[in-house]
Protein chains: 2
Amino acid sequence: MAKKAPLPDSALELVARRFAVLAEPMRLRLIQSLFDGEKPVNALVEATGGTQANISRHLQTLTQAHLLSRRKEGLQVFYAIADPTLVPLCELVCGSLEKQLTKQAGVLKR
Amino acid sequence: MAKKAPLPDSALELVARRFAVLAEPMRLRLIQSLFDGEKPVNALVEATGGTQANISRHLQTLTQAHLLSRRKEGLQVFYAIADPTLVPLCELVCGSLEKQLTKQAGVLKR
DNA sequence: TTGATATATGAGCATATACTCATATACTTG
DNA sequence: CAAGTATATGAGTATATGCTCATATATCAA
């Protein structure tokens, strides 16, 4: 979806799907937790306060989207961040939201 | 959701909501169309092939999220991009998807 | 004021998706 | 092999959201 050449619908579908994968607080929690480094499922369950089943399902979604990687070690499965764009993506959105909230706060202060 | 200090749930909710707003092909089409510059609703309806009612609703969502701005001029309402992070956001996702598809294509070629 | 045009909005319907429960599957140890 | 542990998955339910239809609302000119 570059500013220059318009992307075809098929590409926009993929982009939308990427955003959809990230449009879930629990998944963002998992991603944030993995910014500290690779973790096994049980650690992610503890870190996020979700149920094991739910976390497992979200991890599946993120892995299928190639945002996370996974490796087995005995009984445990470790997940890690696989896509380097996750950091700047989140930073951009946080920056934008911060500006908005700051602007709104300014309006209320008057 | 910086890599350094973990964001509270309330912030992750906001971030997720931002991604959710972008997780819709029709909305991305509108955004892409507006990368060319400000446009009235009817032009956006033509550019995207959506119904007027549906486009209007999507525009409302994007405007309420402060991603678009709007101004009236007689019978017409003009919309424009209001958030500068939209361009880098889309570029990041496109870049990531391109890499993935290239990698997948490579795997298939073997 | 009426009629035409442009856009926004109420209401209803269909579908996707998140969450949970239960348990299947995989791995390890005695 | 049985039992225990860790994780994935099938199935069902509730809810959010996209889309459409109809029309309300806003604007303008005659």
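Labels below follow one simple rule: chain letters A, B, ... track the order of the sequence lines, proteins then strands, and each chain is numbered from 1.
The closest donor-acceptor contact from the side chain of Ser96(A) to the backbone of Leu92(A) lies at 3.5 Å or more, if one exists at all. With Gln100(B) contributing its side chain and Ala65(A) its backbone, the two residues share a donor-acceptor pair below 3.5 Å. With hydrogens and angles disregarded, no donor-acceptor distance shorter than 3.5 Å links the side chain of Arg18(B) to the backbone of Leu97(A). The backbone N or O of Ala80(A) sits nowhere less than 3.5 Å from a side-chain atom of Arg70(A) that would complete a donor-acceptor pair. The backbone N or O of Gln52(B) lies less than 3.5 Å from no partner atom in the side chain of Ser56(B), so there is not a single donor-acceptor pair.
Looking at Lys99(A) and Asp83(B), no side-chain N of the basic residue comes within less than 4.0 Å of a carboxylate O on the acidic one, giving no salt bridge. Using a cut-off of 4.0 Å between Lys/Arg side-chain N and Asp/Glu carboxylate O, Arg29(A) and Glu24(A) are scored as not salt-bridged.
Heavy-atom minimum distance, Ser69(B) versus Ala82(B): N-CB, 3.7 Å. Between Phe19(A) and Leu22(B), the shortest heavy-atom distance links the atoms CD1-O, 3.4 Å. Residue Leu44(B) comes nearest to Leu30(B) through the heavy atom pair CB-CD2, 3.9 Å, listed as atom of the first residue, atom of the second, then distance. Across Ser33(B) and Ala47(B), no two heavy atoms sit closer than the pair OG-CB, 3.5 Å.
The side chain of Lys72(A) contributes no N or O atom lying less than 4.0 Å from OP1 or OP2 of dT7(D).
At the heavy-atom level, Phe78(B) lies nowhere under 4.0 Å from the strands shown.
A 4.0 Å heavy-atom criterion places the boundary nucleotides of DNA chain C facing chain B at dT5(C) to dA11(C), written 5' to 3'.
Regarding Asn42(B), its CG atom lies at a distance of 14 Å from the C1' atom of dT27(D), rounded to whole Å. Regarding Met26(B), its CE atom lies at a distance of 15 Å from the C1' atom of dT17(D), rounded to whole Å. The interatomic distance linking Lys39(A) (NZ) with dT7(D) (P) rounds to 14 Å, in whole Å. Summarising the geometry, the separation between CG on Leu75(A) and C1' on dA3(D) is reported as 12 Å, rounded to the nearest angstrom.
Within residues 52-64 of chain A, the residues having any heavy atom under 4.0 Å from DNA chain C are, by residue number, Ala53(A), Asn54(A), Arg57(A), His58(A).
For the helix from dT1(C)-dA30(D) to dG30(C)-dC1(D), the angle separating the two terminal helix axes comes to 20°, with each axis derived from five pairs and the value rounded to 10°.
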